[in-house]
Amino acid sequence: AQSVTQPDIHITVSEGASLELRCNYSYGATPYLFWYVQSPGQGLQLLLKYFSGDTLVQGIKGFEAEFKRSQSSFNLRKPSVHWSDAAEYFCVRTSGTYKYIFGTGTRLKVLA
Amino acid sequence: GAVVSQHPSWVICKSGTSVKIECRSLDFQATTMFWYRQFPKQSLMLMATSNEGSKATYEQGVEKDKFLINHASLTLSTLTVTSAHPEDSSFYICSAWTGGSNQPQHFGDGTRLSIL
């Protein structure tokens with residue numbers, strides 16, 4: 001079955017440091033990939049999406065992600081983390097159907 | 001753009017009562033709306049999919065008589081938790097989708113339901 005893996009359940013970084021959140025998807029048809037962020041007690045906000053074309057995708061809040069077919073990965077990056085980035089991050093895929101397949105999420109903690 | 005409003009954001013009620021949660025797409029028309037349930041520190045679990053004017057499709061293991069879904073218009077879907085019990089306490093999130101294959105789902109802010 002198609003799946004999404006986020007290997008890191010928790011990540012802690014210092015404010016101002018760079019960030020990379022990992023996401024791997026299972027083999028299947030060309031996936032549509034998304035990254036969402038969820039602050040405590042809130043819904044999910046779309047950071048960026050990949051459907052086709054340029055494999056480096058720019059999103060909101062200074063985030064970017066790179067699609068690497070050879071590695072089945074879609075890692076999220078930010079060059080300098082702000083304290084307000086502390087949240088839960090979900091990698092999501094679809095494959096031609098409307099249903100989302102969620103990763104288990106990565107909880108980001110930012111140290112002052 | 002693409003704002004989804006979910007109401008109420010928090011509700012506490014007694015066991016045995018029914019609770020209605022509304023999900024509205026404010027600036028776009030949603031062909032499809034989704035209802036999710038999220039347990040603490042877990043990912044989202046899809047409960048059901050609703051399309052305007054038709055019956056909702058429920059995921060396996062979700063009681064359709066317990067969780068009533070109505071999608072009355074292209075901008076409004078409601079989830080009613082009937083005869084709620086403490087085990088129904090959870091965080092419920094809706095999302096709305098325009099139906100395009102390259103379009104993302106847009107999520108509401110969720111409803112925290114607590115059944116006493």
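Each chain gets a letter, A, B and so on, in the order its sequence line appears, and its residues count up from 1.
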Applying a strict under-4.5 Å side-chain criterion to I, L, V, M, F, W and Y, I'd like to know whether [X] and [Y] cluster together.
X: A:V81; Y: A:I60; answer: yes
X: A:V13; Y: A:W35; answer: yes
X: B:I21; Y: B:V4; answer: no
X: B:M47; Y: B:W97; answer: no
X: B:I115; Y: B:I93; answer: no

**Message:** Tell me whether B:S43 contacts the main-chain N or O of A:G105 through its side chain, where contact means a donor paired with an acceptor under 3.5 Å.
**Reply:**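 Not confirmed, B:S43 side chain does not pair with A:G105 backbone.
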**Prompt:** Applying a criterion of heavy atom separation less than 4.5 Å, what residues of residues 50-83 of chain B form contacts with chain A?
**Reply:** B:E59
**Asked** For B:L44, is it the side chain, the backbone, both or neither that has a heavy atom under 4.5 Å from a heavy atom of chain A?
**Response** both
**Request:** Tell me, for B:S95 versus chain A, whether the close heavy atoms (under 4.5 Å) come from the side chain, the backbone, both or neither.
**Result:** neither
**Request:** Please indicate whether A:H82 has more than 12 foreign heavy atoms, meaning atoms of other residues, nucleotides or ligands, lying under 6.0 Å from its NE2.
**Result:** yes
**Message:** With a sphere of 6.0 Å drawn around CG of B:L116, does it hold more than 12 non-hydrogen atoms of other residues, nucleotides or ligands?
**Reply:**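 Result for CG/B:L116: enclosed.
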**Asked** Which bit of A:L46 is near chain B, if near means a heavy-atom gap under 4.5 Å: side chain, backbone, both or neither?
**Response** side chain
**Request:** Please name the pair of heavy atoms, one in B:F91 and one in A:Q38, separated by the smallest distance, quoted to 0.1 Å.
**Result:**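 Answer, listing the atom of B:F91 first, then A:Q38: CE2-NE2, 3.8 Å.
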To the nearest 0.5 angstrom, please state how far the [atom1] atom of [X] sits from the [atom2] atom of [Y].
X: B:Q6; Y: A:Q42; atom1: CD; atom2: CD; result: 11.0 Å
X: B:Q42; Y: A:T104; atom1: CD; atom2: OG1; result: 10.0 Å
X: B:Q103; Y: A:K49; atom1: CD; atom2: NZ; result: 5.0 Å
X: B:N102; Y: A:T94; atom1: CG; atom2: OG1; result: 10.0 Å

**Item:** Side-chain heavy-atom pair B:Q105, A:Y36 within 4.5 angstrom cut-off
**Value:**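 Side chain of B:Q105 against side chain of A:Y36, heavy atoms only: contact under 4.5 Å found.
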**Asked** Do the ring planes of B:F107 and A:Y100 sit parallel (below 30°), tilted (30 to 60°) or perpendicular (above 60°)?
**Response**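 Aromatic pair B:F107/A:Y100 classed tilted.
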